[in-house]
Colleague: 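Below you'll find the structure I mean.
Proteins come first, then strands; the chains are lettered A, B, ... in the order of their sequence lines, and each starts at number 1. Since the model is a prediction, treat every value here as computed from it, not as a measurement.
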Amino acid sequence: MSLTPDDVKRIARLARIETSDAEAQATQGQLNSIFDLIATMQAVDTRDVSPMAHAQEVYQRLRDDRVTETDRHAAFQAVAPAVANGLYLVPKVIE
Amino acid sequence: MQWETVIGLEVHTQLATRSKIFSGSSTAFGAAPNTQASAVDIALPGVLPVLNRGAVECAIKFGLAIGATLNRINVFDRKSYFYPDLPKGYQISQLAKPIVEGGALNIVVGDTERSIRLTRAHMEEDAGKSLHEDFHGMTGIDLNRAGTPLLEIVSEPEMRSSAEAVAYARALHTLVTWIGICDGNMQEGSFRVDANVSVRPVGQVELGTRREIKNLNSFRFLQQAIDYEVRWQIETLEDGGRIEQATVLFDPDRGETRMMRSKEEAHDYRYFPDPDLLPVKLDEDWIEAVRATLPELPVAMQVRFQHDYGVSAYDAAVLTGSRALADYFETAAQACGQGKLAANWVMGELSAALNKAELDIAQSPVSAAHLGALIARIQDGTLSGKLAKQVFEGLWEGAGEVDAIIEARGLKQMSDSGELEKIIDAVLAANPKSVEEFRAGKEKAFNALVGQVMKASRGKANPAQVNELLKARLQ
């Protein structure tokens, strides 16, 4: 599998990364070499191997349903670019 | 052309845990903005999610309650999209291996009972809230809700009308509140419904193109939105148009749906297993321990109510509309030993009074024990139905115990037949015309006489006794 310049542009847009045509072209080459690596791995016969969600056979540890956090919004908001009435302010978004 | 409507629902239920799904922040509703958002919830660099056992138990309960398959190994995935109220840039959800798959829910529309199959239910975290009011031209973000545990419950596209969709949503609402995994508060967003709606010519096997109506927060809006959407789709197709797959919003003020985004603009979520979370394992001991905490479920209770109290299937369904209502009915029925009468009172007089006062069954001024005692006095002949209503009013006003109210207000049914006979004699003497008519074969005249006797006794005479004595006297 190899990526077209359009694929690269689309991935960049999904990741909200601004890319010039020159960058897209360079990135296309780099991404394609990663896909070559994946192609090599996909050539391995995995017919008798069941898919795994994690590389090791370990499972999620759980915590009890207890409230352990306290209100630290003053500290968190001290480094925020803009706040008002306890809210973080961001450029206007309307869907 | 005849059209068939096809509806599937996706319901987001907020799970009734104390803390968030991946952090120890409180989930309490209504706190000041961002006071319940920890480093994990606001996605500071380097933080890691730790799964809440309580949230998983809620999902297990739900799976057991609908007879679903519980995936012994289930996996969290990242769903990536950019929005300011989603600070990580992805939502932790479950895609390929959800915790619950399959199962079914019974619904009743009119006289018809149907089973609606569920596709799946998966755990995920809620996003924060964006407030678009004017903050100097900026949007305000409150992350208190970010990380609140959700169970997204997805049905098969098996509903064929808005009435069925509402019946399903109501049945689901009853169930999740019944088993205590969700508080069901729709105003606060604890139970949010998305409806996938399409139409197709009757007889066609393939599904039509669907549009998804997002975020319906009342059963009435659900019904209105689907009805509008179905009409719009049929009109569009009959006018030779095509339906484009899209996400739409319902505007309750205008009663119509409008496009939010088309398929072309749809997100590409790039799901993949979240490397911060390991697969979740449910072992049999844990599942059985959770099963042991489940209450008797509505369907089982309906069968039992019909069998134990002799109520109809319809009444049993109404009485199990909520756990509080079912408990109330059962307490009252046991107190008086009269299931059917108790059902009539709970669904009649009591419900009407509660509706009028805009009260919930849990806030009823008349306790189940008092209602049971009242019904017992109807059963033993102390009270007629009419007098019982007066006693009920006394109970509603908090005037005390049933017998005390009967005594204090002189509401006892007349049991002294001597006294009743005197009244009957007086009534017969005063209504010679009715007596004549009855003897001439007019049944109606008899009823008129009964009415006169009841009136003369100020409602305290026992109607059955009046009938009997009056008949004897007229023969």
Side-chain angles (χ1 to χ4, degrees), chain A residues 1 3-4 6-19 31 34-35 38 41-42 49-95, chain B residues 17-20 23-28 31-42 44 50-57 73 75-77 80-85 87 89 96-97 128 130-132 135-143 260-261 267-268 270 273 275 277-281:
Chain A
M1 171 174 182
L3 294 175
T4 66
D6 278 351
D7 291 333
V8 178
K9 285 275 185 189
R10 176 173 163 70
I11 293 164
R13 196 172 65 244
L14 283 170
R16 300 293 190 276
I17 297 171
E18 195 179 344
T19 2
L31 285 175
I34 294 172
F35 276 100
I38 292 170
M41 290 194 287
Q42 279 185 327
V49 183
S50 47
M52 303 169 78
H54 194 269
Q56 286 173 300
E57 207 158 306
V58 286
Y59 299 102
Q60 182 61 37
R61 281 184 60 167
L62 305 169
R63 41 168 264 276
D64 288 338
D65 179 22
R66 279 192 301 121
V67 175
T68 52
E69 295 286 348
T70 52
D71 172 18
R72 293 167 63 201
H73 82 284
F76 295 149
Q77 296 195 335
V79 293
V83 291
N85 307 336
L87 300 164
Y88 295 92
L89 297 186
V90 299
K92 197 154 191 97
V93 275
I94 289 281
E95 202 150 353
Chain B
T17 56
R18 284 181 284 273
S19 65
K20 293 189 178 175
S23 84
S25 301
S26 169
T27 54
N34 292 305
T35 56
Q36 293 177 169
S38 69
V40 171
D41 310 318
I42 69 171
L44 290 188
V50 188
L51 183 58
N52 182 342
R53 180 190 309 276
V56 183
E57 284 182 353
I73 305 288
V75 177
F76 282 100
D77 297 287
S80 300
Y81 64 93
F82 287 107
Y83 207 72
D85 57 25
K97 275 263 172 208
S130 298
L131 301 148
H132 301 295
F135 293 102
H136 324 288
M138 299 181 90
T139 292
I141 305 293
D142 176 8
L143 297 174
M260 195 169 133
R261 56 173 178 259
H267 294 299
D268 181 342
R270 292 152 287 148
L277 287 156
L278 295 164
V280 180
K281 188 174 187 200

Colleague: Taking side chain as everything from C-beta outward and backbone as N, CA, C, O, which of these in Lys20(B) sits under 4.5 Å from a heavy atom of chain A? Side chain, backbone, both or neither.
Modeller: backbone

Colleague: With chain A, which of Ser23(B), Ser130(B), Ala32(B) has the greatest number of heavy-atom pairs at distances under 4.5 Å?
Modeller: Ser23(B)

Colleague: With a 4.5 angstrom heavy-atom cut-off, could you sort out which part of Arg16(A) is near chain B: side chain, backbone, both or neither?
Modeller: both

Colleague: Looking only at non-hydrogen atoms, find the nearest pair between Gln60(A) and Val50(B) and report the distance.
Modeller: NE2-CA, 4.5 Å

Colleague: Go through Pro273(B), Gly54(B), Pro279(B) and name the one with the most non-hydrogen pairs under 4.5 angstrom from chain A.
Modeller: Pro279(B)

Colleague: Which bit of Ala15(A) comes within less than 4.5 Å of chain B, counting heavy atoms only: side chain, backbone, both or neither?
Modeller: backbone

Colleague: Check whether Gln56(A) gets within reach of chain B through its side chain, its backbone, both or neither, counting any heavy atom under 4.5 Å.
Modeller: neither

Colleague: Quick one: are Leu87(A) and Leu131(B) in side-chain contact, heavy atoms under 4.5 Å?
Modeller: yes

Colleague: Return the option, out of Asp71(A), Thr68(A), Val83(A), with the maximum number of heavy-atom pairs under 4.5 Å with chain B.
Modeller: Asp71(A)

Colleague: Using modelled atom types and a 3.5 Å cut-off, is there a donor and acceptor pairing between side-chain atoms of Asp142(B) and backbone atoms of Asn34(B)?
Modeller: yes

Colleague: Look at the side chain of Asp65(A) and the backbone N and O of Asn52(B), then say whether any donor-acceptor pair between them is shorter than 3.5 Å.
Modeller: no

Colleague: Answer with side chain, backbone, both or neither: which region of Val280(B) has an atom nearer than 4.5 Å to a non-hydrogen atom of chain A?
Modeller: both

Colleague: Check Leu3(A) against Phe35(A) and note the closest heavy-atom contact, atom names and distance.
Modeller: CD1-CE1, 3.6 Å

Colleague: Can you name the nearest heavy-atom pair linking Phe82(B) to Leu14(A), along with the distance?
Modeller: CE1-O, 3.0 Å

Colleague: Indicate yes or no for a side-chain donor-acceptor contact from Gln77(A) to the backbone of Gly86(A) under 3.5 Å, with no hydrogens or angles considered.
Modeller: yes

Colleague: Highest number of heavy-atom pairs under 4.5 Å with chain A: which of Asp41(B), Thr17(B), Thr35(B)?
Modeller: Thr35(B)

Colleague: Which residue out of Ser25(B), Gly128(B), Ser19(B) racks up the most heavy-atom pairs below 4.5 Å with chain A?
Modeller: Ser19(B)

Colleague: By a 4.5 Å heavy-atom criterion (distance strictly below it), what part of Ile42(B) contacts chain A: side chain, backbone, both, or neither?
Modeller: side chain

Colleague: Between Arg270(B) (side chain only) and Asp268(B) (backbone N and O only), is there a donor and an acceptor less than 3.5 Å apart?
Modeller: yes

Colleague: Any side-chain heavy atom of Tyr59(A) within less than 4.5 Å of one from Arg61(A)?
Modeller: no

Colleague: Chain A: which of Ala96(B), Ala28(B), Ser80(B), Pro84(B) shares the most heavy-atom pairs with it under 4.5 Å?
Modeller: Pro84(B)

Colleague: Which answer fits Ala55(B), side chain, backbone, both or neither, if we ask what part of it has an atom under 4.5 Å from a heavy atom of chain A?
Modeller: neither

